[in-house]
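Read through the structure below, which is laid out as structure tokens, and then see the notes.
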Amino acid sequence: NLLTHPRFVRFYESGVFEIDGRVVHFHAIELGGINLSHFVNARVNKGKPLSAEEALTFASQIAEAIDFAHEKGVVLRDLKPSNIILSYGDTLPLKLIDFENCLVKGGPGAADRVGTTTFSAPEHSPDPTLPKLGYAIPASDIYAFAKIIFFLLAGDYPRGIEGQPIVQLPARFDNRSWSEEVCRILHKATRFDPSLRYQSASDLMVELRKAFAQCETVQVDVEGAVAPWTRRARRRLIRRLAVSTAIVTIIALISTLGLT
């Protein structure tokens with residue numbers, strides 16, 4: 001109930017029922033579509049990586065979710081592209097899923113090693129080689145958010161820098177007018193000391209929009225709006241999401257009923 005917001009998948013109820021003597025546990029949640037990791041990888045494989053405008057659109061929506069969670073006293077602790085799904089609607093809204101590792105302010109488990117090594121902040125990373133700082137705070141999610149932005153822009157995971165700050169973008173961005181400034185922003189957001197990072201996702205996004213607004217080839221509204229998707233692209237992706245969701249639902253029902 002703490003995370004009731006358009007940027008979080010909606011949870012309806014949990015329960016137990018019996019089918020032919022078998023006890024089945026269920027969760028009723030809002031259905032979504034393809035996750036962000038699969039979507040970006042599919043675009044890259046087709047030779048059509050996300051444009052800067054598209055990356056900013058997605059990042060802006062993720063920032064909304066992060067800031068809302070922090071306002072509610074929740075540290076997400078497992079932010080990563082596979083825990084973000086593209087949902088239905090003309091604007092292809094993103095929604096966050098999988099809250100198993102969330103930490104509610106004042107709750108237990110602050111020092112747990114949770115999350116995914118590639119994206120987790122060092123203070124709670126599951127990598128045993130990293131020093132365990134003993135806490136997770138909102139700035140921990142900012143670290144993961146910056147790694148996600150790197151993924152959106154680069155079309156690849158930030159490999160080889162687990163638990164470390166971002167110090168460079170892929171070489172193919174070297175001739176882009178925004179490269180140096182964007183790298184500086186992502187570096188700040190992934191500093192080892194959480195107190196030196198941005199303290200909110202919206203603060204990071206303000207800086208990021210300004211960096212891209214200086215580039216004539218990227219259409220960015222520094223107040224937050226970005227170039228919209230074309231209607232054809234929206235309709236095409238929505239159809240694909242509907243088909244993939246239907247297939248997953250059918251497979252889940254078959255598995256639940258023991259028909260496989």
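Since the structure is predicted, the reported quantities are computational estimates derived from the model, not experimental observations.
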Open item on the list: My understanding is that only residues two or more places apart in sequence, or in another chain, count here; which of them pass side chain to side chain contact (heavy atoms under 4.5 Å, CB included) with Ser37?
Closed with: Asn35, Asn41, Pro81, Ser82, Phe151, Tyr157
Task: Results of side chain to side chain donor-acceptor pair (under 3.5 Å) for Ser179 - residues two or more places apart only - done: none
Open item on the list: Regarding Lys210 and Glu181, does a basic nitrogen lie under 4.0 Å from an acidic carboxylate oxygen?
Closed with: no
Task: For Lys80, all residues meeting side chain to side chain donor-acceptor pair (under 3.5 Å), sequence neighbours excluded - done: Thr116
Open item on the list: If the condition is side chain to side chain donor-acceptor pair (under 3.5 Å), which residues does Ser200 pass it with, not counting sequence neighbours?
Closed with: Ser202, Asp203
TODO: Identify the heavy atoms of Leu153 and Val182 that sit nearest to each other, and give their distance.
DONE: CD1-CG1, 4.0 Å
- [ ] Not counting sequence neighbours, which residues clear salt bridge (Lys or Arg N to Asp or Glu O under 4.0 Å) with Glu180? List them please.
- [x] none
Open item on the list: Hydrophobic clustering (ILVMFWY, side-chain heavy atoms < 4.5 Å, transitive) - are Phe58 and Val44 grouped together?
Closed with: yes
- [ ] Using side chain to side chain contact (heavy atoms under 4.5 Å, CB included) as the criterion, list what pairs up with Ile161, not counting sequence neighbours.
- [x] Lys147, Pro158, Gln164, Ile166
Task: Carboxylate-amine/guanidinium contact Glu123 Arg197, below 4.0 Å - done: yes
- [ ] Determine, using the 4.5 Å side-chain heavy-atom cutoff (strictly less than), whether Ile148 and Tyr143 are members of one ILVMFWY cluster.
- [x] no
- [ ] Under the ring pair (Phe, Tyr, Trp, His ring centres under 6.0 Å) rule, collect the residues that match up with Phe119, sequence neighbours excluded.
- [x] none
Task: side chain to side chain contact (heavy atoms under 4.5 Å, CB included) partners for Asp156, two or more places apart - done: Arg159
Task: Contacts of Glu207 that satisfy side chain to side chain donor-acceptor pair (under 3.5 Å) - sequence neighbours left out - done: Arg184
Task: side chain to side chain contact (heavy atoms under 4.5 Å, CB included) partners for Ala63, two or more places apart - done: Phe145, Ala201, Met205
